[in-house]
J.: 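Supplied in structure tokens, the structure appears directly below.
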Amino acid sequence: MTDKIQEIELLAATDDAFMRRAMELAAQAEAEGEVPVGAVIVHDGVIIGEGWNRSIGHHDATAHAEMMALRQAGQTLKNYRLIDTTLYVTLEPCPMCAGAMVHSRVGKVVFGAHDAKTGAAGSTMNLLSYEGVNHHVLVQGDVLATECRAQLQAFFKRRRAEKKAAKIAARQQPDV
């Protein structure tokens, strides 16, 4: 029984480490003016793909963190099939990203914060294990959820304050 407990503790520590890397990438997204979401893809204990939200900067609705990581992982493995990989992402995947994970045969998705509006890994729907698809992706949520949620909430709180300040400044400008 002790060996099983040690194995679980090791897996949890590994999950935390990969999620922390995803959070670092989310900070990179925020530094670029994007919503702070980061993702890494791991194969045999090694990161083979990384991504952060880049939709605004790339003028590309598909440039979500997960999609960027999937693209890089495919190039690394020289295969669009990412069998036996785990994708770590700070926010529950949306339907587009979940669909791409199914098509690329990702083995498991580990996410931080739930997304009550567009989460496709159980919050609003579950495309990752939808009965009608030909591949099911294992799902584990709530890894460093508090930290991931705080990162997103701080971003949106700051953005709301900036918009409010801009409105106030615009009202204070004299009419020309």
J.: Has the side chain of Q151 got a donor or acceptor atom that lies under 3.5 Å from a matching backbone atom of A26?
T.: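 A pair under 3.5 Å: no.
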J.: When you compare the side chain of N53 with that of P36, does any pair of heavy atoms fall below 4.5 Å?
T.: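 Counting from C-beta outward, P36 and N53 never come under 4.5 Å.
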J.: Determine whether V37 and H64 make a side-chain contact, defined as any pair of heavy atoms from C-beta on separated by less than 4.5 Å.
T.: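 A side-chain contact is absent here, since even the closest heavy-atom pair is not under 4.5 Å.
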J.: How long is the straight-line distance from CG of L25 back to OH of Y88, given to the nearest 0.5 Å?
T.: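 It is 14.0 Å, given to the nearest 0.5 Å.
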J.: Please check if atom CD in Q75 has more than 12 non-hydrogen atoms from other residues, nucleotides or ligands closer than 6.0 Å.
T.: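 Open: at most 12 neighbouring heavy atoms sit under 6.0 Å from CD of Q75.
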J.: Nearest 0.5 Å please: distance from the CZ atom of F111 over to the CD atom of E92.
T.: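 Here the interatomic distance stands at 4.0 Å.
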J.: How far apart are the C-alpha atoms of V133 and L127, what are their side-chain angles, what is the distance that settles it, and do they pass the side chain to side chain contact (heavy atoms under 4.5 Å, CB included) test?
T.: CA-CA 8 Å; V133 297; L127 296 178; over 6 Å; no
J.: I'd like to know if the side chain of E34 and the backbone of G57 have a donor-acceptor N/O pair within less than 3.5 Å.
T.: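 Yes: the side chain of E34 pairs with the backbone of G57.
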J.: Going by heavy atoms in the side chains, are M96 and T62 under 4.5 Å from each other?
T.: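 Contact flag for M96/T62 side chains = yes.
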J.: Under the salt bridge (Lys or Arg N to Asp or Glu O under 4.0 Å) criterion, do R159 and E162 qualify, and how do the steps go?
T.: CA-CA 5 Å; R159 177 152 304 161; E162 288 169 353; 5.2 Å; no
J.: Taking I41 as the starting point, is it possible to reach F18 by hopping between hydrophobic residues whose side chains are less than 4.5 Å apart?
T.: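 No, because F18 and I41 fall into different hydrophobic clusters, even though each may have its own neighbours under 4.5 Å.
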J.: To the nearest 0.5 Å, what is the distance between CZ (R158) and CD (E30)?
T.: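 Atom-to-atom, R158:CZ and E30:CD are 4.5 Å apart.
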J.: With a 4.5 Å cut-off on side-chain heavy atoms, are K167 and R171 touching?
T.: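 Answer yes - side chains close enough.
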J.: With a 4.5 Å cut-off on side-chain heavy-atom distances among I, L, V, M, F, W and Y, is there a chain of contacts connecting V42 to L77?
T.: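 Looking at the clustering, L77 is in a separate group from V42.
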J.: When hydrophobic residues are tied together by side-chain contacts of less than 4.5 Å, even through go-betweens, does M67 share a cluster with W52?
T.: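 Per the 4.5 Å side-chain linkage, M67 and W52 are not co-clustered.
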J.: Evaluate the side-chain proximity of T86 to D15: yes if any heavy-atom separation is below 4.5 Å, no if none is.
T.: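 No. Closest side-chain heavy atoms not under 4.5 Å.
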J.: Do D142 and H114 pass the side chain to side chain contact (heavy atoms under 4.5 Å, CB included) test, and can you show the C-alpha distance, the side-chain angles, and the key distance before you say yes or no?
T.: CA-CA 7 Å; D142 296 321; H114 286 266; 3.0 Å; yes
J.: Nearest 0.5 angstrom please: T85 OG1 to K108 NZ, how far?
T.: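 Spacing of OG1 (T85) from NZ (K108) equals 12.0 Å.
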J.: With heavy-atom distances below 4.5 Å as the criterion, would you say the side chains of T124 and K117 are in contact?
T.: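 In short, these two side chains do not touch, never coming nearer than 4.5 Å.
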J.: Side-chain heavy atoms under 4.5 angstrom apart, residues restricted to Ile, Leu, Val, Met, Phe, Trp, Tyr: same cluster for M68 and L87?
T.: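 In one cluster: no.
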J.: Under the side chain to side chain contact (heavy atoms under 4.5 Å, CB included) rule, what do L128 and M101 come out as? Steps first, then yes or no, please.
T.: CA-CA 8 Å; L128 296 172; M101 290 173 211; 4.2 Å; yes
J.: Check this for me: H103, atom NE2, are more than 12 non-hydrogen atoms of other residues, nucleotides or ligands nearer than 6.0 Å?
T.: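 Not buried by this count: 12 neighbours or fewer within 6.0 Å.
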J.: Determine, step by step, whether L82 and R105 satisfy the side chain to side chain contact (heavy atoms under 4.5 Å, CB included) criterion, reporting the C-alpha distance in whole Å, the side-chain angles of both residues, the deciding distance to 0.1 Å, and the verdict.
T.: CA-CA 5 Å; L82 303 175; R105 308 295 195 271; over 6 Å; no
J.: Could you walk me through whether Q28 and E32 pass the side-chain hydrogen bond (donor to acceptor under 3.5 Å, both in side chains) check?
T.: CA-CA 6 Å; Q28 175 66 35; E32 294 177 11; 2.7 Å; yes
J.: With rounding to the nearest 0.5 angstrom, report the CD to CG distance, E147 to D16.
T.: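 E147 atom CD to D16 atom CG measures 8.0 Å (nearest 0.5 Å).
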J.: Should H43 and I83 count as side-chain neighbours, where that means a heavy-atom distance under 4.5 Å?
T.: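 In short, these two side chains do not touch, never coming nearer than 4.5 Å.
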J.: With rounding to the nearest 0.5 Å, note down the distance linking OG1 in T146 to CD in Q153.
T.: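 CD of Q153 is found 9.5 Å from OG1 of T146.
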